[in-house]
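Side chains included, hydrogens not; waters and symmetry mates left out as well; all remaining heavy atoms used. Just so it is clear: chains get the letters A, B, ... in the order the sequence lines come, proteins before strands, and each one is counted from 1.
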2 protein chains.
Amino acid sequence: MISGKFAITTHILTLLSKFPNDYLSSEYIAGSINLNPVLVRKEISNLKKNHVVESKEGKNGGTRLLKPASEITLLDIFKMTFDTVNLGYAKNQPNPDCPVGKKINENLDLLYADINEKINAQLSTVTLENFSNQF
Amino acid sequence: MISGKFAITTHILTLLSKFPNDYLSSEYIAGSINLNPVLVRKEISNLKKNHVVESKEGKNGGTRLLKPASEITLLDIFKMTFDTVNLGYAKNQPNPDCPVGKKINENLDLLYADINEKINAQLSTVTLENFSNQF
DNA sequence: AAATTTGTAACATATTTTATTACAGTATGA
DNA sequence: TCATACTGTAATAAAATATGTTACAAATTT
């Protein structure tokens, strides 16, 4: 899963933030996202690895937040679900005998690094609580 | 072509900017990018549509810039090759009976719009000439 | 003990990207 | 004027990636 990871994780966390004391099941969450529950559990697995949620197995089990929504930023979610934003690369290795081919990816990297700085700054200003309050 | 469009087009334009008076063939350009010439011609077709380059058919034909590299910004390239940057959406339509599902995409859109503003601002500060001078 | 849920692997399908082939049309220049 | 070297574009194929499904062991509740 790549393209939907941030959106799905943000959706999951928004739901959890609405019921901070309940364990929500992957099936319930999947019903809101309209996604297979197995994929929801995979993203939750990632969130657990990052100590943002905890799960309880068995009957009446599910997942809940480990900390208040005010202490989670969208930048945190971004870091858990995205490598970096980029505007793409050509798939194949460019010609190393061409001055442009030799350095194109390096120079794109510099550009993309600048872009990511701006994005990170933006995302760090929004908490899950802020985001969730829009609903 | 989605993922490589910006990178490939930037690569093409960088090459053209190095030889502003020559018609470069799609085969030559493809050799630097290590990409099929047909795909290069497709991107060039897009550049022509945007009046950034012109092509000449026939023997000794090829493509060259229609204006100086100092008058083309990376934002121009971005607009020709990207819709908008986003951090993804879940693939399926979310549940409209859930308050979160109903508004998640709308709220993600707002967030992504903010991100795009920052990216646009950044890209508008770099000309093709600036970029090309790094090589 | 029965029911419900997570965790995870294995596999299947769908979608998107990239590559290839083919060939008509155009310009050059020997 | 004919061979050559290009562009333009459509059609198709292959590869890569994303998403979906099935299956089932393990955990917990009632």
Side-chain angles (χ1 to χ4, degrees), chain A residues 1-9 11-12 15-16 19 22-50 52-66 81-83 86-94, chain B residues 1-9 11-12 15-16 19 22-50 52-66 81-83 86-94:
Chain A
M1 181 180 295
I2 286 185
S3 95
K5 217 171 156 68
F6 174 83
I8 289 165
T9 298
H11 193 145
I12 292 169
L15 286 171
L16 295 181
F19 306 95
D22 297 338
Y23 288 94
L24 302 188
S25 75
S26 62
E27 181 129 356
Y28 173 84
I29 295 169
S32 172
I33 306 178
N34 190 11
L35 187 72
N36 194 288
V38 173
L39 301 178
V40 171
R41 298 206 283 273
K42 273 192 190 158
E43 292 315 317
I44 284 173
S45 171
N46 185 38
L47 286 166
K48 281 193 300 188
K49 205 174 67 196
N50 286 279
V52 173
V53 305
E54 63 178 352
S55 291
K56 198 170 68 168
E57 297 188 15
K59 191 168 177 181
N60 299 329
T63 301
R64 70 176 182 186
L65 290 179
L66 264 180
T81 57
F82 236 92
D83 186 13
N86 66 64
L87 308 183
Y89 299 91
K91 183 189 158 206
N92 301 322
Q93 199 196 336
Chain B
M1 182 177 298
I2 287 184
S3 95
K5 216 171 158 67
F6 174 84
I8 289 164
T9 298
H11 193 146
I12 292 169
L15 286 170
L16 296 179
F19 306 96
D22 299 338
Y23 287 95
L24 302 189
S25 74
S26 62
E27 181 129 355
Y28 174 83
I29 294 170
S32 172
I33 306 178
N34 189 11
L35 185 72
N36 194 288
V38 173
L39 301 179
V40 171
R41 297 206 284 273
K42 272 192 189 156
E43 292 315 316
I44 284 172
S45 170
N46 185 39
L47 285 166
K48 281 194 302 191
K49 206 174 67 194
N50 286 281
V52 174
V53 304
E54 63 179 353
S55 290
K56 199 171 67 169
E57 296 189 14
K59 189 168 180 179
N60 299 331
T63 300
R64 69 175 182 185
L65 289 180
L66 264 179
T81 57
F82 236 91
D83 185 12
N86 67 62
L87 308 184
Y89 298 90
K91 183 188 159 206
N92 301 322
Q93 199 195 337

What is the separation between atom CD on Glu27(B) and atom P on dT4(D), rounded to the nearest whole Å?
16 Å

Go through the structure and list residues passing side-chain contact (heavy atoms from CB on, under 4.5 Å) with Asn92(B), not counting sequence neighbours.
Asn34(A)

Rounding to a whole Å, what distance do you find between Arg64(A):CZ and dT5(C):P?
17 Å

Of the listed dT7(D), dA23(D), dT20(C), the closest approach to the Val38(A) side chain comes from dA23(D)

Partners of Tyr89(A) by ring-ring contact (aromatic ring centres under 6.0 Å, His included), sequence neighbours excluded?
Tyr112(A)

Taking atom P of dT4(C) as reference, at what distance in whole Å does atom CD1 of Ile29(A) sit?
19 Å

For Thr63(A), report the nucleic acid contact type (base, sugar-phosphate, nothing); a contact means any heavy atom under 4.0 Å.
nothing

Give a yes/no answer on whether the side chain of Ser26(B) brings an N or O atom under 4.0 Å of OP1 or OP2 in dT7(D).
yes

For nucleotides 23-30 of chain C, which of its nitrogen or oxygen atoms have a protein nitrogen or oxygen under 3.5 Å away, and what is each distance?
from    : atom 1 : to       : atom 2 : distance (Å)
dT26(C) : O4'    : Glu57(B) : OE1    : 3.0
dT26(C) : O2     : Gly58(B) : N      : 3.3
dA27(C) : N3     : Lys59(B) : N      : 3.3
dT28(C) : O3'    : Asn60(B) : ND2    : 3.3

With sequence neighbours excluded, tell me which residues meet salt bridge (Lys or Arg N to Asp or Glu O under 4.0 Å) with Glu27(B).
none

Here the distance between atom C1' of dG20(D) and atom CD1 of Ile33(A), to the nearest Å, is 14 Å

Separation of dG20(D) atom C1' from Asn34(A) atom CG, nearest Å, is 12 Å

With a cut-off of 3.5 Å and sequence neighbours excluded, list every side-chain donor-acceptor pair involving residues 55-62 of chain B.
from     : atom 1 : to       : atom 2 : distance (Å)
Ser55(B) : OG     : Thr63(B) : OG1    : 2.9

Roughly, in whole Å, what's the span from CD1 in Ile44(B) to P in dT7(D)?
7 Å

Picking from dA16(D), dT8(C), dT6(C), the nucleotide nearest the side-chain atoms of Ser45(A) would be dT8(C)

To the nearest 0.5 Å, atom CD1 of Ile12(B) lies from atom CG of Leu65(B) at 11.0 Å

Quick check: does any side chain N or O of Thr9(A) sit under 3.5 Å from a backbone N or O of Lys5(A), one acting as donor and the other as acceptor?
yes

Rounding to an integer number of Å, can you tell me how far Leu39(B) CG sits from dT12(D) P?
18 Å

Grab the CG-C1' distance between Asn36(B) and dA11(D) for me, whole Å please.
14 Å

Who passes side chain to side chain donor-acceptor pair (under 3.5 Å) against Tyr28(B), sequence neighbours left out?
none

In terms of side-chain heavy atoms of Ser25(A), which of dA16(D), dT22(D), dT6(C) is nearest?
dT6(C)

Relative to the 5' end of DNA chain D, which residue comes earlier, Ser55(B) or Ala90(B), by the nucleotide with the nearest heavy atom?
Ser55(B)

